[in-house]
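Throughout, a chain's letter reflects where its sequence line sits, starting with A, and its residues are numbered from 1.
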Protein chains: 2
Amino acid sequence: MQSPNTRPGRLGRPPRLSREAILVAAQRVLDEEGAEYLSMRRLARELSSTPMALYHHVRDKDELLMLLLDAYVRRIPRPDFPDHPRERVVAGAQALHDILEDCPWGVEVLASDRFVSTSATWIVESIVDALVLCGLSPGDAVYAYRVIWCCLVGELTARPFRARTTPSADERRRGLEAVIDGLLSQNTA
Amino acid sequence: MQSPNTRPGRLGRPPRLSREAILVAAQRVLDEEGAEYLSMRRLARELSSTPMALYHHVRDKDELLMLLLDAYVRRIPRPDFPDHPRERVVAGAQALHDILEDCPWGVEVLASDRFVSTSATWIVESIVDALVLCGLSPGDAVYAYRVIWCCLVGELTARPFRARTTPSADERRRGLEAVIDGLLSQNTA
DNA sequence: ACCTGAACACCGTTCAAGT
DNA sequence: ACCTGAACACCGTTCAAGT
């Protein structure tokens, strides 16, 4: 129950903030108000602190978002995927979609540069592995994964769309399967 | 050669700005500095005017972007597409991709709501029609178009990606064809 | 070491006034 | 009718100072 700000033998002022506390508060703002309201200034207010205090625990806003996404992904339970390779690709892509759907701000963070976290590698690797088991060469598998990833990003980014009806989960799955099957059958061509 | 600000019989102060002039200046900023520098304030400076003068000719920044994209699309020459339906789908998607690649800020405008311009309908319709000619039902064709559109948006949004090598035009085409063939063959399933 | 306050260089937009 | 200036309510970030 040793609180960090009472730890003895440390020089200087005891910290009032911590990376942990900042991330918790940021997640709260994200949940309660949405990503468009998460600013360094808003976050400082949430913590009854000043914007600049944050910069002592986090390099900049981009790093903060990266850390938030990282923590979010880490909280996700690792589902066990089906044995059949094709089903595994579909399930993996579906999982990736679901993760990002619950975390719309994350798409932007991932789509932009900088994010090099390894906390989501398992799912990427699981998809690529399954693609190889489906018969694709490693190079083709990576590329096929890339196409799948682009479709997911597009699906999540191009939200409203001209057809005002959001597609049902079933429709989405059919679309996803079509894309995956197309990528798989290109191998044999 | 009748300049609008000398047109007789009009009441009030002659206009110094016009929607046309604003769009031209905005396009110049876009070309020379990039979309991230196009602000109402920057644009007003470009026109030696004040930010608020712009709001007399344009409802807000979103409308400005919409008008810019509209003008951009209108300038594109209408290519003639191949006869074979499948090739037509591929060519249409390719064209859509190329248009947006030269116009990265447009992706965001299109991905967000509001844009209801009809200046790009011809290309969308051409793709949907070709999909129907390929044997898809009208409903399936619209949905297939949606999937293709999402892939394009994703491809353009998820720019850098973990594989640091940007795919070649050939690779991209292969990916696109795989997606399209997947969508087409789902029909017969 | 950790935090504060003021400042810099921006945003989009509203409101009241000027010609 | 068209434009201006000041103001509102924001941004992310740097810099110098305080304890």
Original post:
Dot-bracket for DNA chain C, 5' to 3', with Watson-Crick and G-U pairs under 3.5 Å, [ ] for crossing pairs and | for other-strand pairs: what is it?
Top reply: ||.|||||...|||||.||
Report all interatomic pairs (protein N or O, nucleotide N or O of nucleotides 14-17 of chain C) with separations under 3.5 Å.
none

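The heavy-atom pair separating A/Leu23 from A/Leu68 by the smallest distance is O-CD2, 3.6 Å. Across all their heavy atoms, A/Cys134 and A/Leu184 have their closest contact at CB-CD2, 3.5 Å. A pairwise comparison of heavy atoms in B/Ala35 and B/Trp105 identifies CB-CB, 3.5 Å as the closest pair. Between A/Tyr55 and A/Asp60, the closest heavy-atom pair is CE2-CA, 4.0 Å. Of all heavy-atom pairs between B/Leu47 and B/Ala25, the closest is CD2-CB, 3.6 Å. Nearest heavy atom pair, residue A/His57 against residue A/Arg19, reads O-NE, 3.1 Å.
The closest side-chain heavy-atom distance from B/Met66 to B/Asp62 is not below 4.5 Å. B/Leu136 is not listed as a side-chain neighbour of B/Gln186, based on a closest heavy-atom distance of 4.5 Å or more. Within the 4.5 Å cutoff, the side chain of A/Ile123 has no heavy atoms near those of the A/Ile76 side chain.
With salt bridges taken as basic N to acidic carboxylate O contacts below 4.0 Å, one links A/Arg146 and B/Glu155.
Nucleotides of DNA chain C nearest to A/His57 and A/Arg41 differ in position, and the one nearer the 5' end is that of A/His57.
Atoms CG (B/Leu54) and C1' (C/dG12) sit 11 Å apart, rounded to a whole Å. Distance CE (A/Met40) to P (D/dT13): 6 Å, rounded to an integer number of Å. Between A/Lys61 atom NZ and D/dG12 atom C1' there is a gap of 8 Å when expressed in whole angstrom units. Between the CZ atom of B/Arg45 and the P atom of C/dG12 there is a distance of 11 Å, rounded to whole Å. Summarising the geometry, the separation between CD on B/Glu63 and C1' on C/dG12 is reported as 15 Å, rounded to the nearest angstrom. Distance, B/Glu36 CD to C/dC11 C1': 14 Å, rounded to whole Å. For B/Leu43 and C/dG12, the CG to P distance is 10 Å, given to the nearest whole Å. Per the geometry, CG belonging to B/Leu47 stands 10 Å off P belonging to D/dT4, to the nearest Å.
Closest to the side chain of A/Arg42, out of D/dC11, D/dT4, C/dT13, is D/dC11. Closest contact between the side chain of B/Thr50 and the listed nucleotides C/dT13, D/dG5, C/dG5 involves D/dG5. If you check C/dG12, D/dC3, D/dT13 against the side chain of A/Pro51, the one that comes closest is D/dT13.
The gap from the P atom of C/dA9 to that of D/dC10 amounts to 22 Å, rounded to the nearest Å.
OP1 or OP2 of C/dC11 lies within a sub-4.0 Å distance of a side-chain N or O belonging to B/Ser39. Dashed line: the shortest gap from a side-chain N or O of B/His56 to OP1 or OP2 of D/dT4 is not under 4.0 Å. Taking 4.0 angstrom as the limit, A/Ser49 places a side-chain polar atom (N or O) nearer than this to OP1 or OP2 of C/dT4.
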